[in-house]
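We count ligands from 1, going down the list as the structure has it; atoms in each ligand are counted the same way. Values below: all heavy atoms of this structure, side chains included; hydrogens, waters and symmetry mates excluded.
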Amino acid sequence: MPEGTLLAPSLSPTNEFPMTVPCPQCWDLVETKVEFSAGALTYFLAILLIMFGFICFACIPCCVNVCKDAHHFCPKCHYCFGVYKRLNLSQLQEDAIGALGLK
Ligand SMILES: [Zn+2]
């Protein structure tokens, strides 16, 4: 690592709202640009709607941002700060293992 190089701060977004953070790539203080994409919760809700017979409404979770994961980007250099996952399956798995005392 060259002298004077600073490490990028690790950041895991905790919500879908834009945050003001220093960008580790362009070194500017920026407000993150948030883009939404389908995640685990989107598909989970769509499957639930299909299972309960609401096939016609199964596409709604794919159209509504509150059901999607939020990706935080730098508006200047498009660096990805992280993703806020509404349904984090790996975290659920860790919580279940911890609750059952299997760790
Ligand atoms: Zn940037």
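Other residues, nucleotides and ligands contribute at most 12 non-hydrogen atoms within 6.0 Å of the OH atom of Tyr43. Summarising the local packing, CD of Gln91 is surrounded by more than 12 heavy atoms from other residues, nucleotides or ligands at distances under 6.0 Å.
When all heavy atoms of Tyr84 and Glu16 are compared, the pair lying nearest together is CD2-N, 3.8 Å.
Here the side chain of Asp28 pairs no donor or acceptor atom with the backbone of Val30 at under 3.5 angstrom.
Note on the Zn ion (ligand 1): protein N/O/S atoms under 2.8 Å are Cys23 SG, Cys26 SG, Cys74 SG, Cys77 SG.
Every pair passing side-chain hydrogen bond (donor to acceptor under 3.5 Å, both in side chains) that includes a residue from residues 52-75 is listed here, sequence neighbours excluded: Thr32-His72, Ser37-His71.
With a 4.5 Å cut-off on side-chain heavy atoms, Pro22 and Trp27 do not count as touching.
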